[in-house]
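What follows is one structure encoded as structure tokens, with my remarks underneath.
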Amino acid sequence: MTGYISVGVFIDGGYYAKINRALKQIESSIIRVRSLFEYISRRLAADEHVNPADCQITEAHYFRGRFRVREAYDKHLLYNERKFEDTLIENDVIFHYKHLRELERDGETQVIEKGIDVWFALEAYELATFRKFDYVVLLTGDADHEMLVRKLKALKIKTVLLTWNLAGTDATSPLLKEEAGHHWELSRLTSTDPSLKQKLLYRLRDSGAEPLGNDF
């Protein structure tokens with residue numbers, strides 16, 4: 001491919017949060033969004049043999065369910081949510097939220113998240129159609145997105161499945177991996193290239209005052 005390469009990135013927020021929770025436990029670190037985006041652009045530029053300046057993420061979208069403000073306040077989630085939103089804004093990521101609901105069943109509280117996966121797929125497909133991305137990068141491991149990948153391929157858009165399988169995260173769907181044209185498994189890539197892990201991760205402070213740090 002020659003000329004300018006346009007990349008659309010779509011992040012499954014629930015899956016992303018599971019990765020970060022596992023990284024906190026294992027590495028005392030979380031993903032640095034800026035570094036992740038730089039890695040995506042550099043790798044695609046190398047794969048397509050173009051100047052990195054000509055391979056850019058032109059849109060990035062993040063989808064997640066979240067609690068209403070009163071529930072988030074009661075659960076002490078507001079600071080971390082706002083801190084993470086600051087990170088998304090600083091990296092020009094557009095966030096899409098739907099409210100979570102809690103339901104009591106058999107004496108246990110279950111968190112209900114409805115419609116996020118469908119919204120994710122519809123938005124990714126619609127934007128890919130209108131923006132005519134050369135590549136779409138999907139950060140997810142959910143089997144429900146198999147048909148999305150198939151539809152993107154029908155549009156002749158190259159699709160990258162980006163995953164990070166760690167203890168505490170759901171394994172990537174075999175059907176999703178099979179359908180995707182390209183699969184980058186970061187746990188495998190970082191195990192063979194420790195410098196990549198250092199670039200992608202932000203080490204958390206020991207102090208609880210600033211649990212997410214200032215630059216990630």
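Here Leu201 contributes atom CG and Leu36 contributes atom CG; the two are 10.0 Å apart, rounded to the nearest 0.5 Å. Within the model, atoms CD of Glu178 and CG of Leu161 stand 12.5 Å from one another, a figure rounded to the nearest 0.5 Å. Distance check, rounded to the nearest 0.5 Å: CD of Glu123 to NE2 of His96 gives 5.0 Å. Distance check: Thr129 OG1 to Leu155 CG gives 4.5 Å after rounding to the nearest 0.5 Å. Residue Ile40 holds its CD1 atom at 7.5 Å from CG of Leu139, rounded to the nearest 0.5 Å. Note that the NE2 atom of His76 and the OH atom of Tyr73 stand 8.0 Å from one another [nearest 0.5 Å].
Hydrophobic clustering, with ILVMFWY side chains joined whenever heavy atoms are under 4.5 angstrom apart, groups Phe37 together with Tyr15. There is a path of hydrophobic side-chain contacts, each under 4.5 Å, that joins Ile116 to Leu148. Val7 and Leu152 are members of different hydrophobic clusters when ILVMFWY side chains are connected at heavy-atom separations under 4.5 Å. Tracing side-chain contacts under 4.5 Å through hydrophobic residues (I, L, V, M, F, W, Y), one reaches Ile26 starting from Trp164; they form part of the same cluster. Phe133 and Val160 fall into different hydrophobic clusters, where Ile, Leu, Val, Met, Phe, Trp and Tyr side chains are chained together by heavy-atom contacts under 4.5 Å.
Electrostatic pairing of Lys177 and Glu185 does not count as a salt bridge here, judged by no charged N lying under 4.0 Å from a carboxylate O. Classification of Arg66 and Glu85 as a salt-bridged pair holds, one side-chain N sitting under 4.0 Å from a carboxylate O. With respect to the salt-bridge test (charged N to carboxylate O, under 4.0 angstrom), the residues Arg150 and Glu146 qualify. Salt-bridge annotation for Lys158 and Glu48: present, with a side-chain N of the basic residue lying under 4.0 Å from a carboxylate O of the acidic one.
Not less than 6.0 angstrom separates the ring centroid of Trp119 from the ring centroid of Tyr97. Here the two rings, on Phe120 and His145, have centers that are under 6.0 Å apart.
The two residues Leu200 and Leu186 have their closest heavy-atom pair at CD1-CD2, 4.1 Å. In terms of heavy atoms, Pro52 sits closest to Ala45 at CA-CB, 3.7 Å. Annotation for Gly14 and Arg64: closest pair N-CD, 3.4 Å, computed over non-hydrogen atoms. Across every non-hydrogen atom of Leu166 and Ala22, the tightest pair is CB-CB, 3.9 Å. Taking each heavy atom of Val50 and Gly3 in turn, the nearest pair found is CG1-O, 4.1 Å. Between Ile57 and Ala60, the closest heavy-atom pair is CG2-CB, 4.3 Å.
Relative ring orientation between His182 and Tyr135 is described as tilted, the plane-to-plane angle lying within the 30° to 60° band.
Sparse packing is recorded around NZ of Lys151, with 12 or fewer heavy atoms of other residues, nucleotides or ligands lying under 6.0 Å away.
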* Worked verdict on Phe10 versus Leu127 for side chain to side chain contact (heavy atoms under 4.5 Å, CB included) -> CA-CA 10 Å; Phe10 296 86; Leu127 287 171; 3.9 Å; yes
* Asked: Should Leu204 and Ser29 be marked as a side chain to side chain contact (heavy atoms under 4.5 Å, CB included) after you check the CA-CA gap, both sets of side-chain angles, and the distance that decides it?
  -> CA-CA 5 Å; Leu204 298 172; Ser29 302; 5.6 Å; no
* To do: Could you give me the CA-CA distance, side-chain angles and deciding distance for Tyr62 and Phe95, then say whether ring-ring contact (aromatic ring centres under 6.0 Å, His included) is met?
  => CA-CA 5 Å; Tyr62 175 90; Phe95 38 91; 7.7 Å; no
* Asked: Run the side chain to side chain contact (heavy atoms under 4.5 Å, CB included) check on Ile30 and Leu23 step by step: do they pass?
  -> CA-CA 6 Å; Ile30 57 175; Leu23 287 169; 5.5 Å; no
* Kindly indicate, with the supporting measurements, whether the criterion side chain to side chain contact (heavy atoms under 4.5 Å, CB included) is fulfilled by Ile11 and Thr140. => CA-CA 7 Å; Ile11 302 170; Thr140 184; over 6 Å; no
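Listed for the Ser35 side chain is a donor-acceptor partner under 3.5 Å among the backbone atoms of Lys199. The main-chain N or O of Ser6 is found under 3.5 Å from a side-chain atom of Asp134 such that the two form a donor-acceptor pair. For the pair Thr163 (side chain) and Asn165 (backbone), a donor-acceptor distance under 3.5 Å is absent. Proximity of a side-chain donor or acceptor of Lys98 to a complementary backbone N or O of Phe63 within less than 3.5 Å is not detected. Proximity of a side-chain donor or acceptor of Glu71 to a complementary backbone N or O of Arg68 within less than 3.5 Å is detected. Looking only at distances, no side-chain donor or acceptor of Asp193 sits under 3.5 Å from a matching main-chain atom of Leu189. Formation of a donor-acceptor pair under 3.5 Å by the Asn91 side chain with backbone atoms of Val93 is not found in this model. At distances below 3.5 Å, not a single donor-acceptor pair connects side-chain atoms of Arg21 with backbone N or O atoms of Tyr16. At distances below 3.5 Å, at least one donor-acceptor pair connects side-chain atoms of Ser191 with backbone N or O atoms of Arg188.
Using a 4.5 Å cut-off on side-chain heavy atoms (C-beta onward), Phe67 and Leu77 make contact. Side-chain contact between Leu44 and Ile5 is absent, with no heavy-atom pair separated by less than 4.5 Å.
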